[in-house]
2 protein chains.
Amino acid sequence: MSFGQVPPSANPDPAQPSDAEWKVLNALWRRHPASARELLGLLSAERWAYTTLKTMLDRMQEKGFVRAERRGNVSWYEPLLERKRAQRAAVRDLIARVFEGAAGSLLTHLVDDERLSAAQRKRLSAEIARAEREEARRARG
Amino acid sequence: MSFGQVPPSANPDPAQPSDAEWKVLNALWRRHPASARELLGLLSAERWAYTTLKTMLDRMQEKGFVRAERRGNVSWYEPLLERKRAQRAAVRDLIARVFEGAAGSLLTHLVDDERLSAAQRKRLSAEIARAEREEARRARG
DNA sequence: GGACATCTACTACATTTGTAGTAGTATCCA
DNA sequence: TGGATACTACTACAAATGTAGTAGATGTCC
């Protein structure tokens, strides 16, 4: 089965966040602005040293992933990436790298291999139907 | 919209191939066994020095991603990963990292954001229906 | 059988990533 | 007001990654 290719993107979104950076971003999207101390709490599963997290945040600031605002002695961090956009970039990256540009292969793969539950399939069908209607609406103008 | 969580995998498949390693693997799955020289041809878009590719291959061999068989002066490489499995691991990794374990979010994201063509939607629906039947068959035993 | 091409093995090196320590400074509580 | 705490800025360092050079072994063609 083949769904076809994704058109080559103009600007392939420079620099994906690293693994650890995703963890920080996920925490930040959940709660922000947040101090490093708060984030460390949200990321307690990682068992990072406080300074480890600080280093991450410093670097992410340089990369433009987050920004910090100093209030008194404490820096308050906010994400500069929109979650959806970052996710989209990550998905695109995966499709390019792993599925050689064939977005449909990823979909097929998900449906075939991820053992969706009946409920998930149902929802997915509904989503497709919704997209269908959306498209039709757009087409009518 | 939410589809639910993926169960935490027992062994989270150690070490994903790196970006460059995926390129090599994709070439190898396309054609193997292949010599470094042949692979360099398949990967001409990368404009790698021959020795760069060789280094990649050496490392991938250490990691158990490929194996080499020496015939005469030349090493012939074969992938040791099965493509589907590697893809699955990569998708799982993405879901964990980017969608915090919610496989359904990825699906929703794809359907919503990737602007599937009508044809793609149709195929996907068919895939779902197929999975549906499959599931029913399994259920009947 | 020697000159030339080709391969492999080994080494090199900058960058990124994960992980944290240290030192200096700002805060706060008794 | 001075000591304990907390926070920031800077430094460190190993492993992984991307990229390639060099040298020595091997094969090939006249």
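Only this structure's heavy atoms are used, side chains among them; waters, hydrogens and symmetry mates stay out. Order of the sequence lines sets the chain letters (A, B, ...), proteins ahead of strands, with each chain counted from 1.
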Sugar-phosphate, base or nothing in reach of A/Ser18, heavy atoms under 4.0 Å: sugar-phosphate
Sugar-phosphate only, base, or nothing, as touched by A/Ser35 at under 4.0 Å among non-hydrogen atoms: nothing
Interatomic distance where CG belongs to A/Asn73 and P belongs to C/dA26 [whole Å]: 8 Å
Intermediate values then yes/no, side-chain contact (heavy atoms from CB on, under 4.5 Å), A/Glu38 and A/Trp76: CA-CA 10 Å; A/Glu38 284 175 328; A/Trp76 295 85; 3.3 Å; yes
Check: B/Ala89 main-chain N/O paired with B/Asp93 side-chain donor or acceptor under 3.5 Å: no
Touch class at under 4.0 angstrom, heavy-atom based, for A/Lys63 against every strand present: sugar-phosphate
Side-chain donor/acceptor contact of A/Thr52 with base of C/dG18 under 3.5 Å: no
Nucleotide D/dG18, atom P - distance to CZ of B/Arg47 in whole Å: 19 Å
Verdict with reasoning, A/Arg85 to A/Arg88, per side-chain contact (heavy atoms from CB on, under 4.5 Å): CA-CA 5 Å; A/Arg85 290 178 69 79; A/Arg88 177 161 40 233; 4.1 Å; yes
Between C/dT19 (C1') and A/Glu46 (CD): distance, integer Å: 12 Å
Between P of D/dA16 and CE of B/Met56, the distance in whole Å: 13 Å
Test log, rule salt bridge (Lys or Arg N to Asp or Glu O under 4.0 Å), inputs B/Arg123 and B/Glu127: CA-CA 6 Å; B/Arg123 287 215 208 216; B/Glu127 275 298 306; over 6 Å; no
Proximal nucleotide (of C/dC10, C/dA20, C/dG18) relative to the A/Thr55 side chain: C/dA20
A/Gly72 vs A/Trp48, nearer the 5' end of DNA chain C by closest nucleotide: A/Trp48
Rounded interatomic separation in angstrom, taking OH from B/Tyr50 and C1' from C/dA9: 11 Å
d(CZ, B/Arg71; P, D/dT26) in whole Å: 18 Å
Check ion pair A/Arg121-B/Glu134 (N to O, under 4.0 angstrom): no
Spacing of B/Lys54 atom NZ relative to D/dT19 atom C1', expressed in whole Å: 16 Å
Nearest-nucleotide pick for B/Asp58, side chain only, options being C/dT8, C/dA9, C/dA20: C/dA9
Side chain B/Arg59 and base D/dT19 donor-acceptor under 3.5 Å: yes
Between C/dT17 (P) and B/Gln16 (CD): distance, integer Å: 16 Å
Side chain of A/Arg37 (C-beta onward), nearest among D/dT8, D/dA6, C/dA9: D/dA6
Base C/dT25 to side chain A/Arg70, donor-acceptor N/O within 3.5 Å cut-off: no
